[in-house]
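Single-structure report; data block below.
So that the names make sense, note that chain A is the first sequence line, chain B the second, and so on, each numbered from 1. Computed from a prediction, not measured in an experiment: that's the story for all the values here.
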Number of protein chains: 2
Amino acid sequence: MRPTARDLAEAAGVSLATVDRVLNERPNVSPKAARSVAEAIERIGFMRNPAAVALARNKTYRFRFVLPTSGDQYLAELIARAGEATEALRADSTDVEAVQIAMSDPHHVAKYLTAIDHDTVDGVAVMAPESPQVRDAMLRLVERGVRVVQFLSGQERLESADYVGVDNFAAGATAGKITGRFLCERPGKIMVVAETMMALDSIQRRLGFDSIINAQFPHLESLPSLETYGDEKRAELIIRRTLEHNPDTVAVYVLSSEARIPLTAVWNTQGARALTVVAHERTPFSEQALMDERIDAVIAQDPGHAVRSALRILRARSDHREPLASQERIRIEVVLKENLQFD
Amino acid sequence: MRPTARDLAEAAGVSLATVDRVLNERPNVSPKAARSVAEAIERIGFMRNPAAVALARNKTYRFRFVLPTSGDQYLAELIARAGEATEALRADSTDVEAVQIAMSDPHHVAKYLTAIDHDTVDGVAVMAPESPQVRDAMLRLVERGVRVVQFLSGQERLESADYVGVDNFAAGATAGKITGRFLCERPGKIMVVAETMMALDSIQRRLGFDSIINAQFPHLESLPSLETYGDEKRAELIIRRTLEHNPDTVAVYVLSSEARIPLTAVWNTQGARALTVVAHERTPFSEQALMDERIDAVIAQDPGHAVRSALRILRARSDHREPLASQERIRIEVVLKENLQFD
DNA sequence: CAAGTTTTGAGGTGCGTGCCTCAAAATTCG
DNA sequence: CGAATTTTGAGGCACGCACCTCAAAACTTG
């Protein structure tokens, strides 16, 4: 039989109460007792029964996703996955909620985060653009004992928080490689479109993309990033102008998560030109466009996996456990029409 | 507070004993009582506390991976991941073991499976080539109450078992698309190498591959499949001969999980020819070859994910729960040098 | 209606741990 | 050395459910 705490007490030559003090890091334990318990744990291979712990603690975990208000299909996907997780974890005494707040003003975001209390929420996964205020607010959250995950966002990585998301430089490099190889030594220009280049993730993707294009495809030139600011009219305008000024454009790379607005603008204005198109994230829009062969490849990070990963990490941290790094790495997926599978 | 079984009994107007009978499907429950409990469950939103269930049952789950003896690096990877899972699940009263048996003789495999007993093992994940004997043995296992997962193998899908692995037709199609597009309208032949074409997964990959090549890249011709039978000498011989007879070979597609032997043979004999190379599965060999740009792309299914998925499914089935399909779909990954990330 | 059968309820124990109290023992300090 | 402090042990209750027993109640059948 698997050893219990009682067996451990016996093996360590101490009482159950002392074992309890050691296991739960309560005060008033002599170094000697602590050592003999630690030694006995190794010797008999004791492990706490997680089910019994969960039952005895009878604690409800409360986690929160803090997401932007503005967004499109990928955001909707994230919210849907968070909803799924809420359902799936209900049985495990885990409350998951997703809130949306305006991300335009860093002070507002910081204020929201600062208002989060340790006895309201055990952990938050924050998807917000880089800003000193927000970074600061997150650090203070951690100090107050709230677990924090930097979620799919282009923030400077914090030491004291976990990150869930892909390496955006590598994601951009992957997009660059696919674009370059799919273009088949055809020279020309690549139009690069973003919602905004203020976000760190956009910058990193761009750097990764350019690093590959410059090093491996010198016959290609990537144009300066266009910023749509999520505005259809503006997108249409700047994209039309860019295509007109660069008749030798052979490819489009959309490095934001939301490709619908920029690509719709491209297709409205490109005329008969056949462009190689690479975008980010699987959404109903990008899936359909892959099917129709209007997008050649999508570089994606699975939102369902991201949501579950963030929750597993928050749960592990709340239990003072180390998350399993190997399981939580989000892969950079390359999605073509051929491996576009539905459930 | 979250409703307990006691609350449920009260809400349903029955005793705790009757609630217990309904929840655990014990006999001697009148249809009327069953209905009123079911109704009360809906009404008050009752869910069993999984921790309490696990504790009360105090059951140890025993799952087993049945893997081939013969294999190379991908097999080693699978075994390593199974070992990791064993560690990770030890705390959860779940014993995971991986055994290796010779797969060459279907009768031997069938005999092994038939010897598995419900009170020794709760579930098995079987990676074995297609054969009527094995299929039959698996069916009988299910009948005896042992949960079965068809694991990463080219077997005909069973109704009564779960499958973990990618859609091999789509995986082959993805390989075909990458090969075709990376070749850039260059005409020529594609050498297709397999360990054996006896396995259903190889056949499906081949079909998927050809479907794309034929439809989208008519200037390419895929040669008949070469079978190495895992033999280095034989591989070297048939590959050399094929390359000599087909000087216009422009690409190599290795559709088995283990690419080391065939690709080493290719590189030993190809001379100065630059070939586009696509293979399956991430292994130390294929990773290194991607880094060195000797392989252009790898089509992969994550072995760690596969192992964990199989175990989650076996666990869910053992608890008479439905696994979450969305989480268990294994993605067809496209791995390039650029998105070849290490932990 | 009586005898048999099925259904129900009351109640208890145990799973392994967390958390609490209180008293006894050991240690430290002046 | 005595007093104050720290450490330890014994014991018990709770968490929510599974599983068991036994007797009472409700039905069924001849």
* Quick one: on DNA chain D, does A/Lys32 or A/Ala56 contact a more 5' nucleotide (nearest heavy atom)? ->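 Checking each residue's closest nucleotide, the 5'-ward one belongs to A/Lys32.
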
* Tell me which of A/Leu55 and A/Thr18 sits closer to the 5' end of DNA chain D, going by the nucleotide each one is nearest to. =>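 Of the two residues, A/Thr18 wins.
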
* Could you say whether B/Ala34 or A/Met1 is positioned toward the 5' end of DNA chain C, judged by the nucleotide with the nearest heavy atom to each? =>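 Here B/Ala34 is the residue nearer the 5' end.
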
* To do: Identify, between B/Ser15 and A/Arg6, the residue whose nearest nucleotide on DNA chain C lies closer to the 5' end.
  =>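 Its nearest nucleotide being more 5', the pick is B/Ser15.
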
* Assess whether atom CZ of B/Arg6 is packed by more than 12 heavy atoms of other residues, nucleotides or ligands within 6.0 Å. =>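 At most 12 heavy atoms, drawn from other residues, nucleotides or ligands, come within 6.0 Å of this atom.
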
* To do: Give a yes or no on whether A/Lys59 atom NZ has more than 12 heavy-atom contacts from other residues, nucleotides or ligands under 6.0 Å away.
  =>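 Atom NZ in A/Lys59 is packed in, count exceeds 12.
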
* Distance-only, no hydrogens or angles: does the B/Ser326 side chain make a donor-acceptor pair with backbone N or O of B/Leu324 under 3.5 Å? ->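 Absent.
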
If you check the [X] side chain, which of [options] turns out closest?
| X | options | value |
| --- | --- | --- |
| B/Asp20 | D/dT8, C/dG16, D/dA18 | D/dA18 |
| A/Phe46 | D/dA10, C/dG18, C/dT17 | C/dT17 |
| B/Asn49 | C/dG9, D/dG16, D/dA18 | D/dG16 |

Checking all strands, does [X] fall into the base, sugar-phosphate, or nothing category for heavy-atom contacts under 4.0 angstrom?
| X | result |
| --- | --- |
| B/Ala54 | nothing |
| A/Asn28 | base |
| A/Ala5 | sugar-phosphate |

How many Å lie between [atom1] on [X] and [atom2] on [N], as a whole number?
| X | N | atom1 | atom2 | result |
| --- | --- | --- | --- | --- |
| B/Arg35 | C/dT7 | CZ | C1' | 15 Å |
| B/Asp7 | D/dC17 | CG | C1' | 13 Å |
| B/Asp92 | C/dC15 | CG | P | 19 Å |
| A/Arg26 | D/dG9 | CZ | P | 15 Å |
| A/Met47 | C/dT17 | CE | P | 11 Å |
| B/Asn24 | D/dG16 | CG | C1' | 12 Å |
| B/Arg2 | D/dC15 | CZ | P | 14 Å |
| A/Leu16 | C/dC20 | CG | C1' | 14 Å |

* **Any pair counted as side-chain hydrogen bond (donor to acceptor under 3.5 Å, both in side chains), so long as it reaches residues 28-42 of chain B, sequence neighbours left out** =>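 Applying side-chain hydrogen bond (donor to acceptor under 3.5 Å, both in side chains) to every pair that reaches into residues 28-42 of chain B, excluding sequence neighbours, yields B/Glu39-B/Arg43.
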
Reckon [X] has a side-chain N or O less than 4.0 Å from the OP1 or OP2 of [N]?
| X | N | result |
| --- | --- | --- |
| B/Arg21 | C/dT8 | no |
| A/Arg48 | C/dG18 | yes |
| B/Asn58 | C/dG16 | yes |

* Asked: Honestly, is A/Arg312 close enough over A/Tyr61, meaning NZ or CZ under 6.0 Å from the six-membered ring centre and within 45° of the axis?
  ->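 That pair does not qualify as a cation-pi contact.
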
* **A/Leu113 side chain reached by A/Met138 side chain, heavy atoms, under 4.5 Å** =>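 Side chain of A/Met138 against side chain of A/Leu113, heavy atoms only: contact under 4.5 Å found.
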
